[in-house]
There are 2 protein chains.
Amino acid sequence: MLSFTEENYLKALHNISEAEGVDLVGTNRLAAALQVKPATANDMLKKLKEKSYVAYEKYGKIKLTDAGAQYAVAIIRKHRLWETFLYQKLEFSWDEVHEVAEQLEHIQSEKLIDKLDKFLAYPAFDPHGDPIPNQKGAIKVRFKTTLLDVAAGASCRMVAVKDNSKLFLQYVANLGLGLNAIIKVVAKQDYDASTQIEVAGKQTSVSEKFASNIFVICNTCKVGQPCPGLRCQV
Amino acid sequence: MLSFTEENYLKALHNISEAEGVDLVGTNRLAAALQVKPATANDMLKKLKEKSYVAYEKYGKIKLTDAGAQYAVAIIRKHRLWETFLYQKLEFSWDEVHEVAEQLEHIQSEKLIDKLDKFLAYPAFDPHGDPIPNQKGAIKVRFKTTLLDVAAGASCRMVAVKDNSKLFLQYVANLGLGLNAIIKVVAKQDYDASTQIEVAGKQTSVSEKFASNIFVICNTCKVGQPCPGLRCQV
DNA sequence: TATCTATGTTTGACTACCCTAACAAATAAC
DNA sequence: GTTATTTGTTAGGGTAGTCAAACATAGATA
Ligand SMILES: [Mn+2]
Ligand SMILES: [Mn+2]
Ligand SMILES: [Mn+2]
Ligand SMILES: [Mn+2]
């Protein structure tokens with residue numbers, strides 16, 4: 001049983017690797033993610049190395065061990081199941097769930113989380129479209145690309161968000177967007193890389209930054225299967 | 001926002017007062033309840049006094065202030081709501097819920113607990129028959145007495161347990177007993193103060209200790225109202 | 001009243017987590 | 001290949017929560 005804090009370090013390492021697509025993480029990057037100073041992160045890394053949850057050499061990059069990754073995935077499973085519970089059963093909005101799930105993810109009870117999973121009918125994705133690892137830590141991978149990749153004239157289906165910040169999530173919802181929304185790309189502006197979209201009959205323009213944080217599949221694709229033409233651009 | 005530990009001290013103080021029917025608690029008693037040493041409890045009491053959650057003089061007895069009692073009741077509300085959730089929605093047995101609720105009761109989110117309350121349809125009692133304080137901290141008081149007070153020949157309805165230990169709860173369930181069970185007192189033995197009872201057609205003998213931990217109302221009483229004859233002994 | 005015992009308090013020490021400031025290594029720039 | 005910058009580590013210190021051991025007080029006993 002790791003402490004609340006130790007668990008957060010493992011989760012942060014996993015999240016950084018995943019979000020940044022890198023295997024190796026630096027002390028400063030980790031410290032920034034956890035909002036602590038590098039010295040603090042360094043202390044904790046020593047302890048986690050001692051316990052065989054991370055591997056690294058002095059002045060070298062950090063990696064989760066298999067045990068560490070497994071532990072991290074278990075926490076992420078809990079986090080996403082709780083988010084799903086809050087959203088589906090307790091009427092929380094998708095920008096409110098994360099904050100509370102940050103606390104709930106540390107509750108220690110195998111039985112609790114497996115019963116919760118059952119109660120929710122074994123959901124595969126959380127309210128942000130992120131996959132929920134199953135009891136064994138397996139994740140349902142699905143093909144997705146960003147709104148940036150969709151060509152003008154084409155339609156697509158929103159399946160997830162990359163940015164989970166409250167500000168972004170509220171912005172998205174205010175635009176009438178949400179998971180499974182059908183988005184038509186009306187035009188793309190070369191000048192500022194903005195995208196003109198149409199959602200439920202209403203048109204808006206979104207920035208490049210915005211579009212890069214919306215995950216979609218093309219309208220004709222099946223969820224979870226790669227696009228027929230390999231890239232989702234029709 | 002108090003820490004996890006501070007919250008446990010307030011809750012323990014409240015529970016001791018309630019269970020023991022006393023207003024003033026001693027350092028040793030508190031320490032024992034929290035499974036820490038008196039020195040530790042003493043340190044924490046200083047801090048809680050500083051924060052105005054408890055009141056006492058050096059070498060004197062301890063009491064919760066109004067603020068302290070209010071905080072304690074809020075934690076107890078959370079504890080009992082979570083127990084109810086685990087029992088009613090997640091198929092936990094009544095001897096399993098307490099342990100997990102001990103963790104869940106510290107989650108900080110007003111909204112979470114009020115939504116949970118609504119989700120459960122505002123339950124008045126937890127799986128052990130203990131009253132659940134409402135949003136304002138108000139408790140539904142109800143008349144109850146113990147199985148010891150029921151005269152031979154009389155029947156009664158079980159409404160709560162006093163002892164919440166796993167061992168006792170499992171024992172009770174194994175006897176076919178549970179909330180709302182109808183218990184007929186067949187006979188009382190003067191020799192060892194044991195009670196012969198009949199539940200669902202089956203007879204058993206239970207010890208004085210056992211009977212003193214079963215709360216009942218008489219069979220003809222209405223739940224929540226005092227017994228016509230003032231004492232529940234018909 | 002004098003003494004004994006139970007109860008409560010203080011002191012000093014330990015671990016976990018965090019910080020600042022100084023330092024060392026690795027990497028980038030020139 | 002030397003210097004400058006970024007990155008990571010160490011040393012020393014702070015707070016929260018815990019304990020053992022010594023001490024003080026209050027209450028009970030004689
Ligand atoms: Mn989240
Ligand atoms: Mn999420
Ligand atoms: Mn309980
Ligand atoms: Mn209970």
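Quick caveat: nothing in here was measured; it's all calculated off a predicted structure. Labels below follow one simple rule: chain letters A, B, ... track the order of the sequence lines, proteins then strands, and each chain is numbered from 1.
A 6.0 Å sphere centred on NZ of B/K51 holds more than 12 heavy atoms belonging to other residues, nucleotides or ligands.
Residue A/K61 places at least one side-chain N or O under 4.0 Å from the OP1 or OP2 atom of D/dG8.
With sequence neighbours left out, the ring pair (Phe, Tyr, Trp, His ring centres under 6.0 Å) criterion links B/F168 to B/F210. Applying the ring pair (Phe, Tyr, Trp, His ring centres under 6.0 Å) criterion to A/H128, with sequence neighbours excluded, gives no partner residue. With sequence neighbours left out, the ring pair (Phe, Tyr, Trp, His ring centres under 6.0 Å) criterion links B/Y9 to no other residue. Considering only residues two or more places apart in sequence or on other chains, A/E102 meets the side-chain hydrogen bond (donor to acceptor under 3.5 Å, both in side chains) condition with A/K11, A/H98.
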Spell out protein contact along nucleotides 10-16 of chain D as letters: B when the base is contacted, S when just the sugar-phosphate is, - when no protein heavy atom is under 4.0 Å; keep the 5' to 3' order.
B-----S
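Here B/L177 contributes atom CG and B/L169 contributes atom CG; the two are 11.5 Å apart, rounded to the nearest 0.5 Å.
A/Y9 comes within 4.0 angstrom of the backbone, heavy atoms only, and of no base. If you check every strand for non-hydrogen atoms under 4.0 Å, A/Y56 touches sugar and phosphate atoms only.
One interatomic measurement links the two molecules: CD1 of B/I62 to P of C/dT7, which rounds to 13 Å at whole-angstrom precision. Summarising the geometry, the separation between CG on A/L45 and P on D/dT7 is reported as 16 Å, rounded to the nearest angstrom.
Using a 4.0 Å cut-off between a side-chain N of Lys or Arg and a carboxylate O of Asp or Glu, A/D23 and A/K61 do not qualify as a salt bridge.
Of all non-hydrogen atoms in A/M158 and A/V216, the two that sit nearest each other are CA-CG1, 3.9 Å.
DNA chain C lies under 4.0 Å from at least one heavy atom of each of the following residues of residues 22-36 of chain A: A/V36.
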